[in-house]
Amino acid sequence: MQRLIPLLSLFYFTTCTTSTDDLATTWIKKANIAHGTASLDQSSFRFNFREYTYGLTSKKYTKSYSRTKATTKGLLTDTLYNGKDFQRWINGKSIIVSDSLQQLYKESINAVLYFVQIPQVLNDAAAQSSYLGEVTILGEPYISLKVTFKQEGGGVDYQDEYRYWIHQKTHLIDFLAYRYYSDKGGTRFRKVSHRNRIEGMIFQDYENFSPSTPFPPLDSIASLYIKGKLKKVSDIQQQEIYFLTP
């Protein structure tokens with residue numbers, strides 16, 4: 001059985017001369033180029049995920065998210081501007097939504113659109129990335145990144161913590177894991193199951209796994225996956241992806 005093997009000696013030797021923040025920045029830049037997300041700040045696209053059609057429109061100083069679906073009352077549209085201003089519409093008519101429901105809808109929309117924009121979102125001002133070292137997963141060479149968030153600008157889920165494993169040769173993110181605290185909290189591990197390259201950008205589908213205990217150490221989660229100790233809980237798939245003409 002394959003094992004997750006930290007190359008600790010190389011990690012400590014390397015970081016004597018280069019800071020973990022600098023190494024993280026270098027690898028995030030490589031990943032953005034490989035994924036085609038380096039210019040995502042000037043894009044507009046749509047895709048279907050489960051019962052909704054999601055959209056992202058990003059310009060120099062603004063970013064808007066949307067999700068729509070047909071209901072018995074008509075076409076429902078939720079919009080979120082710059083991660084703060086939420087509005088719900090039915091057939092183009094504005095609908096009043098309580099503060100508590102607004103927060104719930106914001107979190108739901110953000111959760112979907114965040115993962116679609118990986119690794120570009122790792123450049124966000126609130127993201128704090130550190131290089132953890134080199135590892136081998138299923139015989140392939142990866143580097144591991146830790147990502148946490150500043151409270152200011154990090155949203156309501158700023159305490160969440162992530163791990164990303166970037167392939168050393170392809171510079172693609174094949175695995176990721178995260179610990180979250182909303183809705184009782186938990187830990188998830190995701191493995192890329194399929195990739196679509198559209199208009200130069202890679203959209204990734206995932207198999208989504210959960211450990212038997214809610215909060216194992218994040219740095220052990222890849223080993224648990226290799227040992228078959230994670231349970232698959234869902235598939236994450238974007239369908240009918242298309243970019244809008246500028």
Side-chain angles (χ1 to χ4, degrees), residues 2-4 24 27-28 30-32 34-37 40 47-50 52 54 56 107-124 127 129-132 135-149 155 157 159-168 170-198 201-239 241:
Q2 297 285 349
R3 293 186 301 153
L4 181 69
W27 278 101
I28 289 170
K30 291 179 179 180
N32 269 296
H35 282 260
T37 53
L40 191 56
F47 62 92
N48 292 339
F49 177 64
R50 296 175 180 165
Y52 287 98
Y54 286 84
L56 176 147
E107 292 175 10
S108 179
I109 295 170
N110 266 317
V112 174
L113 272 301
Y114 179 87
F115 286 102
V116 171
Q117 297 175 80
I118 290 171
Q120 195 266 355
V121 288
L122 304 186
N123 295 319
D124 288 354
S129 303
S130 298
Y131 175 89
L132 296 182
V135 297
T136 298
I137 302 177
L138 299 176
E140 293 293 324
Y142 291 88
I143 67 95
S144 177
L145 292 183
K146 172 183 176 180
V147 177
T148 57
F149 303 90
D157 297 322
Q159 293 177 307
D160 292 355
E161 185 175 335
Y162 286 73
R163 294 292 185 275
Y164 295 92
W165 289 273
I166 302 175
H167 197 285
Q168 292 186 43
T170 67
H171 301 162
L172 295 174
I173 295 174
D174 292 335
F175 307 94
L176 64 89
Y178 59 98
R179 177 182 297 146
Y180 64 96
Y181 295 95
S182 60
D183 193 25
K184 297 183 180 181
T187 303
R188 292 292 184 268
F189 178 85
R190 291 189 180 188
K191 173 187 178 294
V192 172
S193 59
H194 181 71
R195 290 187 171 103
N196 287 307
R197 185 178 287 275
I198 301 173
M201 176 179 165
I202 290 178
F203 291 81
Q204 301 199 144
D205 295 334
Y206 300 93
E207 292 180 306
N208 196 24
F209 296 87
S210 175
S212 57
T213 57
F215 299 111
L218 273 182
D219 292 320
S220 72
I221 195 77
S223 292
L224 295 176
Y225 167 74
I226 292 167
K227 295 174 182 177
K229 294 186 177 181
L230 301 181
K231 178 183 178 181
K232 182 177 175 180
V233 292
S234 65
D235 289 298
I236 310 296
Q237 300 174 338
Q238 297 94 36
Q239 299 176 327
I241 307 162

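In this chain, residues are counted from 1 in sequence order. When reading the values below, keep in mind they use all heavy atoms of this one structure, side chains included, and skip hydrogens, waters and symmetry mates.
For Y114 against L122, the heavy-atom pair with the smallest separation is OH-CD2, 4.0 Å. The minimum heavy-atom distance between I236 and R50, with the atom names listed, is CD1-NH2, 3.7 Å. When every heavy atom of F189 is checked against every heavy atom of A222, the shortest pair comes out as CE1-CA, 4.0 Å. Residues L113 and Q117 approach most closely at O-NE2, 3.0 Å, considering heavy atoms. When all heavy atoms of R188 and V233 are compared, the pair lying nearest together is NE-CG2, 4.1 Å. The heavy-atom pair separating M201 from G36 by the smallest distance is CB-O, 3.8 Å.
Once rounded to the nearest 0.5 Å, the distance linking CZ of F49 with CD1 of I241 reads 11.5 Å. One finds the CZ atom of R197 at 11.0 Å from the CZ atom of F203 (value rounded to the nearest 0.5 Å). Annotation: the span from R163 atom CZ to I173 atom CD1 amounts to 14.0 Å, rounded to 0.5 Å. Note that CG of L172 is 5.0 Å distant from CD1 of I202, once rounded to the nearest 0.5 Å. Taken to the nearest 0.5 Å, the NE2 atom of H35 stands 11.5 Å off from the CD1 atom of I28. A distance of 13.0 Å separates NZ in K232 from CG in L230, rounded to the nearest 0.5 Å.
There is a side-chain donor-acceptor pair under 3.5 Å between H167 and E140.
Between Y181 and F215, the ring center distance clears the sub-6.0 Å criterion.
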Evaluate the side chain to side chain contact (heavy atoms under 4.5 Å, CB included) criterion for residues L176 and Y206: first the C-alpha distance (whole Å), next the side-chain angles of each, then the deciding distance (0.1 Å), finally the verdict. CA-CA 10 Å; L176 64 89; Y206 300 93; 3.7 Å; yes
Residues N196, Q238; criterion side chain to side chain contact (heavy atoms under 4.5 Å, CB included); working and verdict: CA-CA 9 Å; N196 287 307; Q238 297 94 36; over 6 Å; no
Please walk me through it: do D235 and D205 pass side chain to side chain contact (heavy atoms under 4.5 Å, CB included)? CA-CA 8 Å; D235 289 298; D205 295 334; over 6 Å; no
Going through the distances and angles, do L40 and N32 end up as a side chain to side chain contact (heavy atoms under 4.5 Å, CB included)? CA-CA 9 Å; L40 191 56; N32 269 296; over 6 Å; no
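Here H171 pairs with W27, K30, A34 under the side chain to side chain contact (heavy atoms under 4.5 Å, CB included) rule; sequence neighbours left out.
Annotation: cation-pi geometry satisfied between R190 and F115 (NZ/CZ under 6.0 angstrom from ring centroid, within 45° of ring axis).
Ring planes of Y162 and Y164: parallel class, angle under 30° (limits at 30 and 60°). In this pair, F175 and Y225 present their aromatic rings tilted. The plane angle is within the 30 to 60° band.
The backbone N or O of P216 sits less than 3.5 Å from a side-chain atom of R179, completing a donor-acceptor pair. A side-chain donor-acceptor contact under 3.5 Å links T187 to the backbone of P214.
In summary, of the residues considered (Q204, R195, K191), a side-chain hydrogen bond (donor to acceptor under 3.5 Å, both in side chains) with D174 occurs for R195 alone.
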